[in-house]
Amino acid sequence: MAVGIFDSGLGGLTVLEAAQTRLPEVPFVYLADSAHAPYGVRTADDIYDLTCTAVSRLFETGCDLVILACNTASAAALRRMQESWVPEDKRVLGVFVPLIEAMTERQWGDNSPPREVDVKHVALFATPATVASRAFQRELAFRAIGVDVEAQACGGVVDAIEDGDMILAEALVRSHVDALKRKMPEPDAAILGCTHYPLLQDIFQDALGENVRVFSQATLVAESLADYLTRHADMAGAGDSDFLTTGDPRRVSDRATQFLRRQITFQSA
Ligand code: DGL
């Protein structure tokens with residue numbers, strides 16, 4: 001049994017990489033639902049069904065704890081899964097809360113009433129489905145007051161990354177940042193609310209300007225997972241690490257190797 005990490009495609013590798021660095025002794029099984037990526041243009045019902053199928057596959061490999069390293073699945077499916085689908089002896093966690101806790105300067109599990117925080121104008125970059133869910137604004141409202149959020153649905157960016165077309169991905173990021181700045185000229189923080197986007201973090205930072213603090217999830221989620229595992233040591237598991245995909249393993253391995261700059265070999269899920 002290992003810890004499962006799930007994404008629609010390659011974006012969750014940014015979370016896996018940070019988790020492996022933070023927790024070198026923990027085995028991880030990564031599952032990319034490449035055959036159905038991108039999720040960000042799908043309906044909430046579709047995302048729910050696909051996410052449940054993928055997480056079931058990770059349970060079958062022996063994972064008791066699965067991290068949805070996908071904001072789109074976390075936004076559109078996680079709450080429904082936790083309320084009515086996840087078996088008693090399993091856990092499924094998302095990637096939103098660690099990010100919002102960091103932005104609102106809260107410790108894990110601090111459920112005190114919402115309060116004023118330093119950041120006032122936040123730019124949220126995410127997939128169309130994540131933006132439509134308003135899950136980020138909902139989670140933020142539990143913790144902070146007086147924060148103005150402007151969301152930009154970044155159509156096309158995930159497809160370009162999955163296709164390995166980083167020139168197109170960069171051009172799209174710059175045009176999405178421009179569109180955001182027309183709505184909110186001076187954000188003080190930006191949230192990269194899709195696990196694919198850290199692969200273009202420098203481009204976001206450059207387009208936004210150096211005064212904007214860019215929050216990205218990988219290290220925050222890894223830190224929060226480490227904290228969770230100290231409280232639930234039985235969930236850390238043992239066994240071998242593995243990479244599974246519902247797509248073409250050769251193609252996905254090539255892209256993953258290019259992104260992480262080390263050899264990654266996917267097998268058929
Ligand atoms: N990396 C994902 C996310 O964090 C999924 C993007 C997609 O499949 O559209 O939202």
Side-chain angles (χ1 to χ4, degrees), residues 4-19 30-55 58 66-79 81 92-100 123-139 151-166 168-169 172-173 176 190-201 204 214-222 224-225 243 245-247 251-252 255-256 259-260 269:
I5 304 232
F6 164 72
D7 184 37
S8 60
L10 299 168
L13 291 173
T14 57
V15 173
L16 175 81
E17 180 95 318
Y30 185 89
L31 173 59
D33 190 11
S34 321
H36 303 107
Y39 277 19
V41 289
R42 294 177 179 274
T43 63
D45 280 346
D46 205 4
I47 295 166
Y48 174 81
D49 290 341
L50 289 169
T51 306
C52 289
T53 304
V55 171
L58 283 166
V66 173
I67 310 294
L68 300 186
C70 175
N71 290 270
T72 309
S74 302
L78 180 58
R79 181 182 277 213
M81 290 169 79
V92 180
L93 304 175
V95 283
F96 261 35
V97 170
L99 183 74
I100 292 173
L124 168 68
F125 297 95
T127 65
T130 299
V131 170
S133 75
R134 296 190 61 80
F136 177 83
Q137 287 90 331
R138 190 181 60 229
E139 292 294 337
Q152 177 66 30
C154 297
V157 177
V158 169
D159 308 65
I161 293 174
E162 290 287 321
D163 288 345
D165 189 344
M166 299 311 272
L168 175 60
L172 287 168
V173 164
H176 287 304
I191 303 287
L192 303 190
C194 169
T195 53
H196 283 69
Y197 300 169
L199 294 163
L200 293 154
Q201 182 151 350
F204 275 100
V214 175
F215 287 84
S216 90
Q217 282 160 325
T219 47
L220 297 172
V221 172
S224 160
L225 174 62
F243 291 88
T245 177
T246 56
R251 185 171 181 277
V252 177
R255 297 271 187 269
F259 288 134
L260 293 192

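The shown structure was predicted, so the numbers you read here are calculated from the model rather than taken from an experiment. First listed ligand is number 1; within each ligand, the first listed atom is number 1.
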| field | Within reach of ligand 1, part of Val95 (heavy-atom separation under 4.0 Å) | value | neither
| Which segment of Thr195 sits under 4.0 Å of ligand 1 when only heavy atoms are counted | both
| Does Ala37 approach ligand 1 within less than 4.0 angstrom via side chain, backbone, both or neither, non-hydrogen atoms only? | neither
| Given the rule in the ring pair (Phe, Tyr, Trp, His ring centres under 6.0 Å) test, do Phe204 and Phe125 qualify, once you have shown the distances and angles that lead to the verdict? | CA-CA 10 Å; Phe204 275 100; Phe125 297 95; 5.2 Å; yes
| query | Would you say the side-chain atoms of Thr245 pair up with the backbone N or O of Ala32, donor to acceptor, closer than 3.5 Å? | reply | yes
| query | Hey, does the side chain of Thr195 reach the backbone of Ala69 with a donor-acceptor pair shorter than 3.5 angstrom? | reply | yes
| For Tyr39, which of Asp7, Asn71, Asp33 qualifies under side-chain hydrogen bond (donor to acceptor under 3.5 Å, both in side chains)? | Asp33
| Thr127: numbered ligand 1 atoms lying under 4.0 Å from its heavy atoms | 6 (C), 9 (O), 10 (O)
| query | Which residue supplies the protein heavy atom nearest to atom 9 (O) of ligand 1, what is that atom called, and how far is it? | reply | Gly40 N, 2.7 Å
| request: Flag Thr130 as yes when one of its N or O atoms lies below 3.5 Å from any N or O atom of ligand 1, and as no otherwise. | output: no
| request: Indicate, as side chain, backbone, both or neither, the part of Asn71 found under 4.0 angstrom from ligand 1 when only non-hydrogen atoms are considered. | output: both
| task | May I ask you to decide if the ring planes of Phe136 and Phe96 are parallel, tilted or perpendicular, using 30° and 60° as cut-offs? | result | perpendicular
| request: Please round to the nearest 0.5 Å and tell me the distance separating atom CE of Met81 and atom CG of Leu78. | output: 7.0 Å
| query | Quick one: does Gly9 get within less than 4.0 Å of ligand 1, heavy atoms only? | reply | no
| request: Decide if atom CZ of Arg134 counts as having more than 12 heavy atoms of other residues, nucleotides or ligands within a radius under 6.0 Å. | output: no
| remark: the protein heavy atom lying closest to atom 5 (C) of ligand 1 turns out to be Ser8 OG, 3.3 Å
| request: Using a strict cut-off of 4.0 Å, indicate which atoms of ligand 1 neighbour a heavy atom of Asp7. | output: 1 (N), 2 (C), 5 (C)
| At what distance, to the nearest 0.5 angstrom, does OG1 of Thr53 lie from NE2 of His36? | 8.0 Å
| remark: In this structure, atom 7 (C) of ligand 1 is nearest to the protein heavy atom Tyr39 N, 3.3 Å
| To which protein heavy atom is atom 10 (O) of ligand 1 closest, and what is the distance rounded to 0.1 Å? | Thr72 OG1, 2.6 Å
